[in-house]
> 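After the structure tokens below, expect a handful of questions from me.
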Amino acid sequence: MARRGTVRAGIAALALLPLALGACGGGSGGGTASGDPNTLRVLDYHNDDPNKTVWQGLLEDCGTEVGVTIERESVPGETLISKVLQQSSSRTLPDVLMLDNPDLQQIAATGALAPLGDYGITTEGYAEGVVDASTYEGELYGLQPVTNTIALFYNEAIFEAAGLQPPTTWDELRTTAQALTQGDQYGVAFSAMNSFEGTWQFLPFMWSNGGDERDIATSETAEALQLWVDLVSSGAASKSVVTWGQADVADQFKAGNAAMMVNGPWNFGSLAENPDLDYGIVPIPAPTAGAPVVSPFGGETWTVPRTGDEEKQAKAAEFVQCLNSDENMVAAAVGTNTVPTKPELTDEAVAQVPALESFAEQVPDLRSRTGQLGEEWPDAATKIYTAVQNALVGGMTPEDALRQAQDG
């Protein structure tokens, strides 16, 4: 999960465009570059392996199943929204559009997407948080086959040498991280950078303690932020967490510079580059023993843009439903180190990739970042990472940092 800093401005600009897409007309190709009724244009940002190759196979298989040829374009993640802007302006939106799930509601608000319910698509069996993220004003606009989230990775050799077990509570996290801090080795690493990536990593701590993105100036969120302040001020976490992205955190863990890290399964490939690294994965510690841990879910949702060609939109909806078949959910999960969004399928994926177990356990309770605020989520996310930065770098108390960010 890597949120892009350019997305918010891009979507704001998209909302200003005259999206009278229904007037594109099917006579000239339904607003697409190709008038071939048996071709679907697909746009996504899976341009790196293994995702690129895995999704290419799934896209081609579904193309065969619904009787169409696929013309796929994959762009870098940070350029996807600008690409959508360009295509919207020139009335050349693709037939099938993949979006990072927090972006869907804002795109749907512009009128650029077709409701999937119009094509008989339902969300039976999906985790509730996944459905929330792909729904706008009561209408379903996307289907998400796989998801990811974050958990706590720990270096097994370091823990064994210290005779310690992975922490399960915040108090244990504090004491364990402090006990494992020595020399150039920090006890724990996480990303607290001033971007949506920093917010993403803070959410499990905030939400699990009862914090709410609608008003972050609460004692519950302040307690969560105090935990991060304590870890950094005690030296158990590096002061550099305020500039580290999640890839940087993984590099620190891979090099043995951190005994634990908060991160996700997209790092499996990177961690495998160190053959001497043996690690385990457990859920992020809870505020108190036995308390539930509430984490955000990541991943992408597949949508059908309004191109003006109703027949192709119906075919695109059939294609999106194919990508979300049980078989394809499991195949995508296993191939890309993610988890099916239908909880009943997680065991099948974990049986093939056991390292996914701690992530799969969380799927039924994963929360949508846009579930409470919808298209207003980016404002709240900005307030959260701003408060974190002010507490960790600016010397403000968590209470003052959160109050200033909320009021600002």
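Heavy atoms only: backbone and side chains are in, while hydrogens, waters and symmetry mates are out. No experiment lies behind these values; they were computed from the predicted model shown.
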> Please confirm whether the backbone N or O of I107 pairs with a side-chain atom of T110, one donor and one acceptor, at under 3.5 Å?
yes
> Any ion pair linking R41 and D95 (charged N to carboxylate O, less than 4.0 Å)?
no
> Please report the shortest heavy-atom distance between F159 and Q165, naming the atom on each side.
CE2-O, 3.5 Å
> Less than 3.5 Å apart, any donor N or O on the side chain of S295 or Q362 sitting next to an acceptor on the other?
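Q362 and S295 do have a side-chain donor-acceptor pair below 3.5 Å.
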> Is the side chain of T221 donor-acceptor paired with the backbone N or O of A217 at a distance under 3.5 Å, no angle test?
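No; zero donor-acceptor contacts below 3.5 Å.
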> Using side chain to side chain contact (heavy atoms under 4.5 Å, CB included) as the criterion, point out the one residue from V146, T123, T341 that pairs with V130.
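Only one option passes, and that is T341.
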> Let me confirm one number: the CG-CG distance from N328 to L58, rounded to the nearest 0.5 Å.
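Rounded to the nearest 0.5 Å, the CG-CG separation comes out at 5.0 Å.
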> How far apart are the closest heavy atoms of G63 and F319, and which atoms are they?
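Heavy-atom minimum between the residues: N-CE1, 3.5 Å.
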> Indicate yes or no for a side-chain donor-acceptor contact from E300 to the backbone of M98 under 3.5 Å, with no hydrogens or angles considered.
no
> Ion pair present between D49 and K52, side-chain N to carboxylate O less than 4.0 angstrom?
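The answer is no: the pair does not qualify as a salt bridge.
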> Do P296 and W200 touch side chain to side chain, with heavy atoms closer than 4.5 Å?
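Side chain of P296 against side chain of W200, heavy atoms only: contact under 4.5 Å found.
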> Of all the heavy-atom pairs spanning G129 and S368, show the shortest one and how long it is.
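Taking G129 first and S368 second, the nearest heavy atoms are O-CB, 3.3 Å.
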> I'd like to know if the side chain of S234 and the backbone of L231 have a donor-acceptor N/O pair within less than 3.5 Å.
yes
> Which heavy atom of W377 sits nearest to which heavy atom of R369, and what is that distance?
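Closest heavy-atom pair between W377 and R369: CE3-O, 3.1 Å.
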> Could K254 and E273 be called an ion pair, given the rule that one side-chain N must be under 4.0 Å from one carboxylate O?
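Yes, K254 and E273 are salt-bridged.
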> What pair of heavy atoms forms the shortest contact from L164 to A179, and how long is it?
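So the minimum-distance heavy-atom pair works out to CD1-CB, 4.2 Å.
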> Is it the case that the side chain of S358 and the backbone of I281 share a donor-acceptor pair, with hydrogens and angles ignored and the cut-off at 3.5 Å?
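Looks like yes, one N/O pair under 3.5 Å.
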> Could you tell me if E71 and T39 have a donor-acceptor pair between their side chains, going purely by distance under 3.5 Å?
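Distance-only check fails for T39 and E71.
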> Does the side chain of Y126 come under 3.5 Å of the side chain of N324 through a donor N or O and an acceptor N or O?
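A donor-acceptor contact under 3.5 Å links the two side chains.
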> Any Lys/Arg nitrogen of K83 or E73 sitting under 4.0 Å from an Asp/Glu carboxylate oxygen of the other?
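Looking at E73 together with K83, the answer is yes, because their closest N to O distance falls below 4.0 Å.
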